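Have a look at the structure below before the remarks.
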2 protein chains.
Amino acid sequence: MDPARTLALLWRAEHEPVRPARGPRQGLTVDRIVRTAIAVADADGLAALSMRKVAEPLGVSAMSLYTYVPGRAELVNCMLDEVLGEAPSLEAADGWRQALERYARGGMAIARRHPWVPPLVSSRMLMGPNETARWDGVLGALSGVGLPEREMLAVVHLLDGYVRGAAQQSADAEHDARRSGLSYDEWYEQTGPLLEKTISADRYPALTRVWRSGVFEEPGAGLGPDGGFEFGLQRVLDGIERRVADRFAG
Amino acid sequence: MDPARTLALLWRAEHEPVRPARGPRQGLTVDRIVRTAIAVADADGLAALSMRKVAEPLGVSAMSLYTYVPGRAELVNCMLDEVLGEAPSLEAADGWRQALERYARGGMAIARRHPWVPPLVSSRMLMGPNETARWDGVLGALSGVGLPEREMLAVVHLLDGYVRGAAQQSADAEHDARRSGLSYDEWYEQTGPLLEKTISADRYPALTRVWRSGVFEEPGAGLGPDGGFEFGLQRVLDGIERRVADRFAG
DNA sequence: ACTAACTCTTTACGGCGTAAGGAGAATGCT
DNA sequence: AGCATTCTCCTTACGCCGTAAAGAGTTAGT
């Protein structure tokens with residue numbers, strides 16, 4: 001995967017220098033392909049995203065997509081940067097904590113709309129236009145608080161990691177539910193009795209105690225689709241706040 | 001995917017009731033298949049794990065694996081529970097904070113040894129023997145600190161989410177590096193100049209400032225293979241500690 | 001009018017998970 | 001002992017996948 005080609009595609013700079021094309025006009029655009037691919041992935045998941053499935057609703061053959069995009073991997077890159085454009089602006093935020101809160105919630109919202117996103121958010125930045133803007137926004141929000149650059153990066157990394165983990169857990173739950181046709185609660189209803197047979201109370205006392213408290217069945221208790229995202233987020237922000245305070249004091 | 005069948009397989013209870021088998025003896029065991037599959041996944045990644053690739057080193061055809069395991073999905077479940085057995089015991093830990101620290105580091109260590117694990121750690125628990133023991137351990141460590149059950153669950157969820165996110169970021173970096181043949185540093189050397197062309201300093205001031213500080217090139221600065229895992233972990237634990245203190249005070 | 005450049009097509013290859021059905025081996029019953 | 005049953009493991013086959021190769025058809029420059 002050629003980095004130069006990938007970057008050019010992300011910034012849509014590919015066909016800028018060459019205006020007069022010899023052959024027939026292109027009937028599609030990269031944007032249209034990317035948007036179609038996003039719709040397919042939203043509906044069926046990233047695993048079910050195939051070149052053939054993207055080409056069909058566009059009325060072309062799979063191979064014609066290769067005129068616009070070098071391959072599947074690069075298409076996915078473009079999809080990712082496109083949906084990162086849905087992140088909210090942090091400019092109006094009141095203080096760094098609120099900005100980080102919005103950053104994390106924005107990431108979570110994207111993940112909920114597009115469950116295929118979390119596994120793709122890699123540490124190796126692709127730096128398309130939207131990812132660039134997002135980085136600039138969050139680093140801007142962190143600029144005044146007195147952390148060294150190294151720790152600013154680590155803080156963003158921490159937030160991204162947390163959101164990614166939480167989002168993926170929620171996405172998996174939804175995916176499993178859709179595939180098995182069972183909701184989270186129904187699944188526990190089915191396996192609950194089975195578990196109680198295999199898991200003995202005296203071998204696993206702490207787990208049994210929590211299990212019997214019934215908290216596993218409560219929605220939003222820390223597991224399941226909405227898995228205590230806000231609770232965790234506030235703990236993470238508290239941890240960052242303490243670091244900021246310690247820096248200021250010491 | 002039948003939950004009962006899956007659970008029976010995880011606890012290896014499948015052939016317990018039926019002792020006298022009519023046909024020829026089985027030449028393989030579920031354990032041997034699972035261990036071989038883990039080796040394949042460790043070497044080539046989960047995407048490259050195919051029934052044919054697992055069968056080959058065992059000297060059987062792909063289809064004979066279906067005598068032992070209902071399908072690929074269930075095999076992966078077994079692989080996951082198997083490697084969760086590598087998690088360290090938390091019994092000797094001195095206090096809940098140290099226990100959680102070990103829990104998180106243990107998870108991270110597993111993820112590093114088996115980079116295919118993080119995407120699989122789902123909120124829908126499979127509850128094989130090792131996952132069960134792990135849950136019991138961490139809930140035991142949290143039992144005395146005064147948090148309600150709901151928040152104990154949320155705390156474990158928070159840690160799992162953080163570890164999962166961080167581990168996946170690290171695994172992706174490694175995977176990308178292996179596939180492209182470029183180390184993290186080499187990749188930045190290649191794309192750096194390109195990025196400076198497309199990303200203008202006045203449109204992205206905060207990002208440019210951090211970029212020019214050179215901190216992106218430092219190893220372990222918050223990105224890259226070792227991406228500030230410890231920094232983030234301490235922030236997360238600080239956040240949990242504050243919650244515990246608030247609970248105790250209020 | 002001719003040619004070069006370009007888009008889009010059809011075909012093909014080697015991979016995948018696994019359904020179907022058949023060959024051969026070990027047991028239980030008579 | 002001999003037969004039926006039951007089980008393991010095999011080969012074959014189907015419909016998916018990404019994309020390489022090569023050809024058909026369209027447009028622009030000369």
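Quick note on labels: first sequence line is chain A, next is B, and so on, each numbered from 1. Every value quoted in this text rests on a predicted model; they were computed, and no experiment measured them.
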message = Tell me if a side-chain donor or acceptor on A/S64 pairs with a main-chain N or O of A/V60 at a distance below 3.5 Å.
response =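 The answer is no, because no donor-acceptor pair under 3.5 Å joins these two groups.
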ask   = Checking A/Y68 side chain against A/L28 main chain: does a donor-acceptor pair fall under 3.5 Å?
value =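 Looks like yes, one N/O pair under 3.5 Å.
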Any [X] side-chain nitrogen or oxygen under 4.0 Å from OP1 or OP2 of [N]:
| X | N | answer |
| --- | --- | --- |
| B/S61 | D/dC10 | yes |
| B/S50 | C/dC16 | yes |
| B/Y68 | D/dC9 | yes |
| A/R22 | C/dT7 | no |
| A/S64 | C/dT9 | yes |
| A/K53 | D/dC17 | yes |

message = Distance criterion of 3.5 Å, no angle test: do you see the side chain of B/R52 paired donor-to-acceptor with the base of C/dT18?
response =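 Check passes, donor-acceptor contact within cut-off.
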inquiry  = What's B/L75 touching, base or sugar-phosphate or nothing? Going by heavy atoms closer than 4.0 Å.
reply    = nothing
inquiry  = Base, sugar-phosphate or nothing for B/L58? Non-hydrogen atoms, less than 4.0 Å.
reply    =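 No contact at all - B/L58 keeps every heavy atom at 4.0 Å or more from the nucleic acid.
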message = Tell me whether B/E56 at atom CD has more than 12 heavy atoms from other residues, nucleotides or ligands lying less than 6.0 Å away.
response = no
